[in-house]
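The structure appears right after this line, and notes come after that.
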Amino acid sequence: MKKPNKSSHDELNLTKYSVIRNIIYCLNNTAKCHFLLLCWCVLKILVGTLIPILTTILPKTVIEMVTAKQSLYELIVAILVFMGSLAILSGADIFLTKFIYHQKFRMNTFYLKRVALKGLTTDYINQENGLFRKLQTESFMCCNGNYSPLSNIYETLIKFCTSLLGLSVFGAMLVQVHWGIIVFLITTTTISYYLNRKIIAWTAANNKERIGYQQRISYINNISGDIRSAKDIRLYKMAVWFSDIYNNNMKGIAGWYKRLTHKLFGVAAYDSGLALLRESIAYLYLLYLIWNGQITVAEFVMYLSVVTGFSAWLGNIFSQLSSLNQINLKINYFRSYLEYPETFNRSNGLISPVNDCPKVIELKNVSYRYEGAEHDTLQNINLKIIPGEHIAVVGLNGAGKTTLVKLICGLIDPTEGQVLYDGVDVRKYNRVEFYRLFSAVFQQFSILPVTIAEIVAETVLENTDEDRVKRCLTVAGLWEKIEQLPNSVNSQFGKTIYDDGIEFSGGEIQKLLLARAMYKSAPVMLLDEPTAALDPIAESMLYENYNQISSQKTTVFVSHRLASTSFCDRILLIENGRICEEGNHNELLKQNGKYSMLFEMQAKYYRENPEETEVAE
């Protein structure tokens, strides 16, 4: 099979599959997931073709029977047969339309599950990639809802196949009159199609402008009901400002649609003129044939209907081809997302046994540069962490502390150098199993709206050890708060889903996250600013409590408060992507270097009389 082409000029670097290949892709998925849906679609195509054919033949049959002076009984029977058949077929068509609409839900679920699974299991580095996130958004929109592209493809294919089958039948009937009629109808309909293509081209060329207006309007709509923004909006009198922005964007999008309407009106005028020309010439030609006795009155009525139906079928085919091209682009987004390359080792990687004993972690000449960045975030880092060692990583914002933590636990791989665990390059491990070695609390976190116990244990209640949950919450300093709740650890978190859900402050959420990390009890603990929302005293007490119960575990603390990590075995000061100072708290103070200066700057704000410090200095 020919490999799909990649365009270096494509903004999203899409995998470009043809319309045919994407149709086959969708049909194969439907056959695997819901084969009966394909059967219902085929039946609807047949029903949709038969209805206009019977409607076209009925007048001819009635006129011929009247002209032949057949009995009234025979005429009534013929009409009842036709009308009964049409009634049954019309009812079946309505039923199939609604039935297929609801049956598509299973396919929506199938595709949405694949999108979600890709997002949940993809390499973490992909989630930091702007291209990947755009594809993720487009993929979700591609299959979310019964009017999404991957759902609309069924209606589009049904209409296309129905039109193609009906066109074939009506074309065979018109050939009996004159093949020139078919050529004339195809020519005029093709001209109409290309006129409408101009509208599609204009829409595509100016779509970015419309999306910009819609995104800004959507943003203001969202934050107007966002509790996190409500305080700032009122205190800084932002309502008038947002209102002006909203009105300007509403005027902008109204202007965009006004320009579109003008173009649509012009194309519609030309299209109507062509339709009038098409119908008039066909009508005059059929009158000529009946005047010369080449066709009967009954045939005249039938062929006039056939001409109209042929043009409609042909127009539908062109219209559905345009729709298929648009759907094809969206499916390419979807498939490019699912096929986005994964670099981490999984099925064939080494598996490190998970136990309570951590191993040596070593970084050799490690540098890391984020995609699109001009400079390395970390440069030539050499670091060896012995089992059970407690290390603090400190430095100013943007120094590279979080990047170092992500490298240690294998969320990202170094641009240069090696990260070793137990002497083995992290790239050789099964990455999924490797993550079991680490517990972590990051600055950016995710908490599900479930019970407190389930949040801490990261599993369902049936598999939760409540005593262990209590111990972890106690160490984290949150048990007194949880104990006072009506349902204790079984209380629901958040009001997103539950009206009686518990809301926590920023500091309490960080304590909850720390309890979750402790419950996992992995050999290595990574704490990236886990207590930023706590006051310094609470942070120091929390760290000291954790330090006492985790003497056998390797722990990396990241903090911007230097005093809170003074108990650590070793402290690394990172500046401009490099380890500029290293040692324990006392050793670094004696060096009178950058660490000592930062420590004194922070410490003087917590002394009772900072002025005395300044005098002493």
Side-chain angles (χ1 to χ4, degrees), residues 353-359 387-392 405 409 435-443 445-494 498 501-559 564-569:
V354 179
N355 51 46
D356 293 333
C357 300
K359 302 294 189 293
E389 186 176 17
H390 289 185
I391 285 183
V405 169
C409 66
Y435 291 147
R436 296 172 60 194
L437 300 170
F438 299 88
S439 294
V441 178
F442 291 105
Q443 297 176 41
F445 54 84
S446 174
I447 300 180
L448 291 174
V450 292
T451 65
I452 305 300
E454 289 172 311
I455 291 172
V456 174
E458 283 295 300
T459 186
V460 295
L461 284 174
E462 291 76 11
N463 301 327
T464 300
D465 183 343
E466 287 200 14
D467 291 335
R468 187 172 168 186
V469 169
K470 179 181 176 179
R471 289 196 301 271
C472 293
L473 288 169
T474 301
V475 174
L478 194 59
W479 176 246
E480 290 185 5
K481 166 84 172 184
I482 302 299
E483 192 177 22
Q484 294 173 3
L485 298 176
N487 297 316
S488 187
V489 293
N490 293 319
S491 301
Q492 301 289 347
F493 171 77
Y498 307 102
I502 304 302
E503 293 286 356
F504 289 138
S505 67
E508 289 170 338
I509 286 177
Q510 289 186 319
K511 291 178 181 179
L512 181 64
L513 293 170
L514 188 59
R516 181 176 71 176
M518 287 188 285
Y519 186 95
K520 185 178 179 181
S521 190
V524 183
M525 175 79 84
L526 305 172
L527 304 176
D528 183 12
E529 302 276 12
T531 54
L534 298 180
D535 60 78
I537 296 176
E539 179 186 47
S540 180
M541 291 177 61
L542 184 62
Y543 276 172
E544 289 176 4
N545 287 341
Y546 176 75
N547 186 51
Q548 292 174 5
I549 67 168
S550 60
S551 57
Q552 302 301 317
K553 296 183 183 297
T554 298
T555 307
V556 178
F557 299 89
V558 175
S559 179
S564 298
T565 55
S566 59
F567 63 87
C568 289
D569 303 318

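- Residues that satisfy the side chain to side chain contact (heavy atoms under 4.5 Å, CB included) test with Ala515, not counting sequence neighbours, are Val456, Cys472, Leu473, Ala476.
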Inset, instruction - Quick one: do Leu485 and Ile502 satisfy side-chain contact (heavy atoms from CB on, under 4.5 Å)? Show the steps, please. - result: CA-CA 9 Å; Leu485 298 176; Ile502 304 302; 3.9 Å; yes
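- With hydrogens and angles ignored, the 3.5 Å screen pairs no side-chain donor or acceptor of His390 with any backbone N or O of Phe557.
- Here CG of Leu526 is found 5.5 Å from SG of Cys409. Values are rounded to the nearest 0.5 Å.
- Rounding to the nearest 0.5 Å gives a distance of 10.0 Å between OG of Ser446 and CD1 of Ile455.
- Looking at residues two or more places apart in sequence or on another chain, you find no salt bridge (charged side-chain N to carboxylate O under 4.0 Å, His left out) involving Glu466.
- Separation of atoms CG (Leu514) and CD1 (Ile509) is listed at 14.0 Å; rounding is to 0.5 Å.
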Inset, instruction - Might you work through the side-chain contact (heavy atoms from CB on, under 4.5 Å) test for Leu527 and Phe442, ending with a clear yes or no? - result: CA-CA 7 Å; Leu527 304 176; Phe442 291 105; over 6 Å; no
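- Applying the salt bridge (Lys or Arg N to Asp or Glu O under 4.0 Å) rule to pairs touching residues 484-493 yields nothing, sequence neighbours excluded.
- To the nearest 0.5 angstrom, Cys357 atom SG is 8.0 Å from Gln552 atom CD.
- Thr459 is linked by a side-chain hydrogen bond (donor to acceptor under 3.5 Å, both in side chains) to nothing, counting only residues two or more places apart in sequence or in another chain.
- Under the salt bridge (charged side-chain N to carboxylate O under 4.0 Å, His left out) criterion, Glu389 pairs with Arg570, sequence neighbours left out.
- Taking the charged nitrogens against the carboxylate oxygens, Glu458 and Lys520 have no contact shorter than 4.0 Å, which rules out a salt bridge.
- Within the model, atoms CD1 of Ile482 and CG of Asn487 stand 11.5 Å from one another, a figure rounded to the nearest 0.5 Å.
- Between Asp569 and Gly388, the shortest heavy-atom contact is OD2-O, 4.2 Å.
- Thr555 places no side-chain N or O within 3.5 Å of a backbone atom of Met525 that could act as its donor or acceptor partner.
- Legend: ring pair (Phe, Tyr, Trp, His ring centres under 6.0 Å) pairs involving residues 456-494, not counting sequence neighbours, sorted by first then second residue: Phe493-Phe504.
- Within the structure, salt bridge (Lys or Arg N to Asp or Glu O under 4.0 Å) pairs that include any residue of residues 467-492 comprise Lys481-Glu508 (at least two apart or interchain).
- Here the side chain of Ser491 pairs a donor or acceptor atom with the backbone of Ser488 at under 3.5 angstrom.
- Two residues are said to be in side-chain contact when any heavy atoms from C-beta on lie closer than 4.5 Å; Thr464 and Val469 meet this criterion.
- Contact annotation: the side chain of Leu478 approaches that of Leu512 to within less than 4.5 Å [non-hydrogen atoms, C-beta and beyond].
- Ser521 is listed as a side-chain neighbour of Lys553, based on a closest heavy-atom distance under 4.5 Å.
- Considering CD1 of Ile391 and SG of Cys568, their distance stands at 8.5 Å, rounded to 0.5 Å.
- Every residue meeting the side chain to side chain contact (heavy atoms under 4.5 Å, CB included) condition with Leu461, not counting sequence neighbours, appears here in chain and number order: Thr451, Ala453, Glu454, Asn490.
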